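What you are looking at is a predicted structure, and each value in this text was computed from that prediction instead of being measured. Only heavy atoms go into these numbers, but all of them, side chains included; no hydrogens, no water, no symmetry mates.
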Amino acid sequence: MRLKVGIDVGGTFTDFIVAGHGREPLFHKVLSTPEDPSIAVLTGLQEIAGIIAPDTDVAAFVKRIDTIVHGTTVTTNATLTHTGAKSALITTRGVRDALEMRRGIRERQYDNRYTNVSPLVARYLRAGVGGRLDRDGNEVEPLSLDDIHAAIDLFRQENVEAVSICLMNSFANPEHERAAAEIVRKELPGAYLSVSSDLLPSIRFYERVSTTALNSYVGPKLNRYLDQLVDRLKVAGFNGVLLIVQSNGGVISPQLARERAALTLLSGPAGGPAAGLFYAGALDSDRCIVTDMGGTSFEASAVVGAPLTVNDGEISRHKIALPMLDIHTIGAGGGSIGWLDEGGLLRMGPQSAGAAPGPACYGKGGTLPTTTDANLVLGYLDPAYFAGGKMQLDVAAARRAIEAHVARPMGLTVEEAAAGMYRVACNNMAQGVREVTIKRGFDPREFPFIAAGGAGPIHSCLICSELAIPLLIVPWSSSVLCAFGMLLSDLRHDFVRTFVSRIADLDWASLDATISQMRAEGDRLLDEERVAQERRNFVVRFDCRYVKQYHEVSVAVPWAAIERESVAEIAGAFHAEHRRLYGYSLEAEKTPIELINVRLQAIGTTEKAVYSEDPYAGLDGSHALKGERAVYIPEANKFKRVPIYDGHRLKHGARIAGPALIESVTTAIFVSADYDGVVDRYRSFVVYLKGHEHLARSCLQAEPEKAFA
């Protein structure tokens, strides 16, 4: 039987999910190897081979893998840690400082000490060259080839690894950029090259130059990683299809990822929203808040019918204008370090102990207190059952770290300090959820909360209490949720063209030609990926704004509205989305609407793994009871002995009253005193606020009246 494997390389753990070997997918985790992430990938595959096919050599097992869908944090980490390539920029004379001046907007308006982020390209490596196009793409001044050759001489002397080309108004006419790129390829054949008119042919110079520079900055490092990964997989015997997860939630070939490395800047967490929607469907919901708390970071995103995307995000304060899932990331993971600021206040993160040395309780030399250390002291983790017993946790080391760095300086007991660390971490994550809900015009109380990541389900009840969310779901695949979502991903390619016009005055023939050109590009890529015609889908979006407005709003436009040339339908969709986002529209004032960009997404639907549903097995979960231990109860601010359940033995319908702990090999679920829970047909644990049992009725396939009698 052919296998499909999802792999999510995180900062602390590398997660695996294997589908196709039997009735249930296999979940697996190994410690990441930051010096070469491909080592952890191969280590995990070797361990999985020993589990699934212990009598078969690893090469024979790897040959059974049909598809590997891989999410990576290589480009993200290169940006966050400032370890990307030594890069150069060729741009139009007079605007080389745009990368540093940005859009002239102060990020913190009233903080005079807050400086701009350092550009990814040093000023002396930003070369302004002669040549100019007007806004319509007409040549005003010929491109200076002498300036380009002079810039290349400098780049060669400085051993530049990557070159970006971004000229004014090249979105309207790419000829100058193509001419410059041809010279760079000839004179610097070993340099990684990014050309803005290929990567992002749209208006707004700063966004375009920043995105192009980011692509060059992370490209060489991603290329080296993919070389290592492909070589190791080849040696191991893999001859299937390797797909790389993009920031938009889709997948692409490794070759396209090499050329457009910036597409992978949120590759790791991009599988989460699709997986969250899958599990929310068991409650007949088409919306959810998806969170993932790993070892290093916490990601939050909102899903409404489909994962939400943005076209102008940021990574480490650097602008990126490529479509990506609307995922908010903060430094709040199991490895986040607790520390006291200059005012003596307790902080958690964003610094992380990572995989090495890791939390103090890992016994790998770490001495600083982390969230994991606090969870161990509070009783949420069993020191003898971490990772299913493969890793013994050192309680004494955790207590020493908390005592030295938090408890003693604050005049608290170790338990009080650990409880404070836990509460601060939960508060930080609740604020992260507000960023993708309240600030986007959504009420978080109306969304099921998906709690994922190895550490997430320990904190989820307190986060939901903070946000007044009455319903949360801990998926069966919680600890590897992003890897699970990767197996649900489709091939996706995004295209954009600037098309400035008031929608009342649209030149429909030109608009149709522009859309047809992008669709042809999408078909070409899907042809290369051997996607059948019946598996292709194309989605069109317009970036619109009220005339003289500063920002655009992106709205989906039905093909039928374009075919009917219906201005009214487009305007109605824009007014509605503007009202949802900002609380008002200018429809009554009849303010003209202006189209700025046309976007098209080409989707190639992939074969999905089939996940079976469990039959109803009754509401009694007492057979899974393992014992009890003292656990910190936030609502009472004290320790109490609570029942501990074996999560692998709980079946569909089993109801657990809080407070309680549910343990599995890869995660632990803390059901606080204000919540109860029930196992649904996908073996996910649905947790609901006491008195709100009706919210979980639809997750039961049989005898719901008995479950909630």
Participant: Can you name the residues that form a side-chain hydrogen bond (donor to acceptor under 3.5 Å, both in side chains) with Arg260, not counting sequence neighbours?
Facilitator: none

Participant: Under the ring pair (Phe, Tyr, Trp, His ring centres under 6.0 Å) rule, what pairs show up with a residue in residues 68-90, not counting sequence neighbours?
Facilitator: His70-Tyr225

Participant: Are any of the side-chain heavy atoms of Val41 and Arg232 separated by less than 4.5 Å?
Facilitator: no

Participant: Checking side-chain contact (heavy atoms from CB on, under 4.5 Å) between His493 and each of Ile252, Leu600, Asn248, which is the one that passes?
Facilitator: Ile252

Participant: Are Tyr279 and Phe484 an aromatic pair, judged by ring center distance below 6.0 Å?
Facilitator: yes

Participant: Just do the side-chain hydrogen bond (donor to acceptor under 3.5 Å, both in side chains) check on Thr667 and Ser479 with the steps written out, would you?
Facilitator: CA-CA 6 Å; Thr667 192; Ser479 64; over 6 Å; no

Participant: Nearest 0.5 angstrom please: Ser87 OG to Tyr217 OH, how far?
Facilitator: 7.5 Å

Participant: Could you tell me which non-hydrogen atom of Ser489 sits nearest to which non-hydrogen atom of Thr606, and how far apart they are?
Facilitator: O-OG1, 2.7 Å

Participant: Centre of Tyr206's six-membered ring, under 6.0 Å away, within 45 degrees of the axis: is that where NZ or CZ of Arg102 sits?
Facilitator: no

Participant: Between Thr212 and Ile165, is there a side-chain heavy-atom distance shorter than 4.5 Å?
Facilitator: no

Participant: Please check this pair: side chain of Thr371 against backbone of Gly335, looking for a donor-acceptor N/O pair closer than 3.5 Å.
Facilitator: no

Participant: Find out whether the Lys NZ or Arg CZ of Arg541 is both under 6.0 angstrom from the six-membered ring centre of Trp559 and within 45° of the ring's axis.
Facilitator: no

Participant: Between Ser196 and Glu177, does a side-chain hydrogen bond (donor to acceptor under 3.5 Å, both in side chains) hold up when you go through it step by step?
Facilitator: CA-CA 8 Å; Ser196 80; Glu177 285 195 353; 2.6 Å; yes

Participant: Going by an N to O cut-off under 4.0 Å, is there a salt bridge joining Glu577 and Arg580?
Facilitator: yes

Participant: Name the one of Glu552, His578, His551 that satisfies side-chain contact (heavy atoms from CB on, under 4.5 Å) with Arg545?
Facilitator: Glu552

Participant: Give every residue pair that meets the ring pair (Phe, Tyr, Trp, His ring centres under 6.0 Å) criterion with at least one member in residues 300-324, sequence neighbours excluded.
Facilitator: none

Participant: So, Thr75 versus Lys221: side-chain donor-acceptor pair below 3.5 Å or not?
Facilitator: no

Participant: About how many Å separate CG of Leu243 and OG of Ser253, when rounded to the nearest 0.5 Å?
Facilitator: 8.0 Å

Participant: For Glu446, check side-chain hydrogen bond (donor to acceptor under 3.5 Å, both in side chains) against everything at least two apart and list the hits.
Facilitator: none

Participant: Stepwise, does the salt bridge (charged side-chain N to carboxylate O under 4.0 Å, His left out) test hold for Arg224 with Asp36?
Facilitator: CA-CA 10 Å; Arg224 285 192 291 271; Asp36 180 357; over 6 Å; no

Participant: Does the side chain of Asn215 reach to within under 4.5 Å of the side chain of Tyr192, using non-hydrogen atoms?
Facilitator: yes

Participant: How far does CG of Leu31 sit from CD1 of Ile39, to the nearest 0.5 angstrom?
Facilitator: 13.0 Å

Participant: Looking just at side-chain N and O atoms, do Thr605 and Asp490 make a donor-acceptor pair shorter than 3.5 Å?
Facilitator: no

Participant: What pairs with Pro444 under side-chain contact (heavy atoms from CB on, under 4.5 Å), at least two apart in sequence or on another chain?
Facilitator: Ile289, Thr437, Ile438, Ile469

Participant: Looking at side-chain heavy atoms only, is the closest gap between Lys29 and Thr14 below 4.5 Å?
Facilitator: no

Participant: For the pair Glu529 and Arg535, find out whether any cationic side-chain nitrogen is under 4.0 Å from an anionic carboxylate oxygen.
Facilitator: no

Participant: Of Val474, Ile473, Thr291, which is the lone residue that meets side-chain contact (heavy atoms from CB on, under 4.5 Å) with Phe449?
Facilitator: Thr291

Participant: If every non-hydrogen atom of Gly313 is compared with every non-hydrogen atom of Met324, which pair is closest and at what distance?
Facilitator: CA-SD, 4.4 Å

Participant: List the atom of Ser247, the atom of Ala262, and the distance in Å for their closest heavy-atom pair.
Facilitator: OG-O, 4.1 Å

Participant: Report yes if the side chains of Leu308 and Leu325 come closer than 4.5 Å at any heavy-atom pair, otherwise no.
Facilitator: no

Participant: Going by side-chain contact (heavy atoms from CB on, under 4.5 Å), name the residues that satisfy it together with Ser516, two or more places apart in sequence or in a different chain.
Facilitator: none

Participant: What pair of heavy atoms forms the shortest contact from Leu89 to Val121, and how long is it?
Facilitator: N-CG1, 3.9 Å

Participant: Rounded to the nearest 0.5 Å, how far apart are CD1 of Ile603 and CG of Leu491?
Facilitator: 10.5 Å

Participant: Going from CG on Asp494 to CG on Asn311, what distance comes out if it is rounded to the nearest 0.5 angstrom?
Facilitator: 8.0 Å

Participant: Drop me the distance from Ser460's OG to Met293's CE, to the nearest 0.5 angstrom.
Facilitator: 10.5 Å

Participant: Using the ring-ring contact (aromatic ring centres under 6.0 Å, His included) rule, take Phe16 and Phe27 through it: C-alpha gap first, then chi angles, then the decisive distance, then the call.
Facilitator: CA-CA 6 Å; Phe16 298 79; Phe27 307 144; over 10 Å; no

Participant: Centroid separation under 6.0 Å, is that true for the rings of Phe542 and Phe499?
Facilitator: no

Participant: Keeping Ser285 on the side-chain end and Arg287 on the backbone end, is there a donor-acceptor pair under 3.5 Å?
Facilitator: yes

Participant: Would Gln246 and Arg492 satisfy side-chain hydrogen bond (donor to acceptor under 3.5 Å, both in side chains), going step by step from the backbone distance to the final call?
Facilitator: CA-CA 8 Å; Gln246 302 180 76; Arg492 295 179 187 269; over 6 Å; no

Participant: To check you understand the geometry: which heavy-atom pair defines the closest contact between Ile327 and Ala270, and what is its length?
Facilitator: CD1-CA, 4.1 Å

Participant: Given the rule in the side-chain hydrogen bond (donor to acceptor under 3.5 Å, both in side chains) test, do Asp326 and Ser301 qualify, once you have shown the distances and angles that lead to the verdict?
Facilitator: CA-CA 6 Å; Asp326 188 6; Ser301 59; over 6 Å; no

Participant: Test side-chain contact (heavy atoms from CB on, under 4.5 Å) on Ile562 and Val557; report intermediate values, then the result.
Facilitator: CA-CA 7 Å; Ile562 297 172; Val557 179; 3.8 Å; yes

Participant: Looking only at heavy atoms, what is the nearest atom pair of Phe205 and Leu167, with distance?
Facilitator: CE1-C, 4.0 Å

Participant: Verify whether one side chain among Ser164 and Ser216 offers a donor that lies under 3.5 Å from an acceptor in the other.
Facilitator: yes

Participant: Under a plain distance cut-off of 3.5 Å, with no hydrogens placed, do Gln255 and Glu259 share a side-chain donor-acceptor pair?
Facilitator: yes

Participant: Any heavy-atom pair between the side chains of Thr211 and Leu322 that's under 4.5 Å?
Facilitator: yes

Participant: Taking the side chain as everything from C-beta on, heavy atoms only, tell me whether Leu45 gets closer than 4.5 Å to Ile65.
Facilitator: yes

Participant: Show, in sequence, the C-alpha distance, side-chain angles and deciding distance for Arg440 and Glu435, and conclude whether the salt bridge (charged side-chain N to carboxylate O under 4.0 Å, His left out) test is met.
Facilitator: CA-CA 7 Å; Arg440 302 288 192 272; Glu435 292 287 335; 5.2 Å; no

Participant: Quick one about Arg599 and Ser202 (side-chain donor to acceptor, distance below 3.5 Å, no hydrogens or angles considered), yes or no?
Facilitator: no

Participant: Within the structure provided, determine whether Asp543 and Val553 are in side-chain contact (heavy-atom separation under 4.5 Å).
Facilitator: no

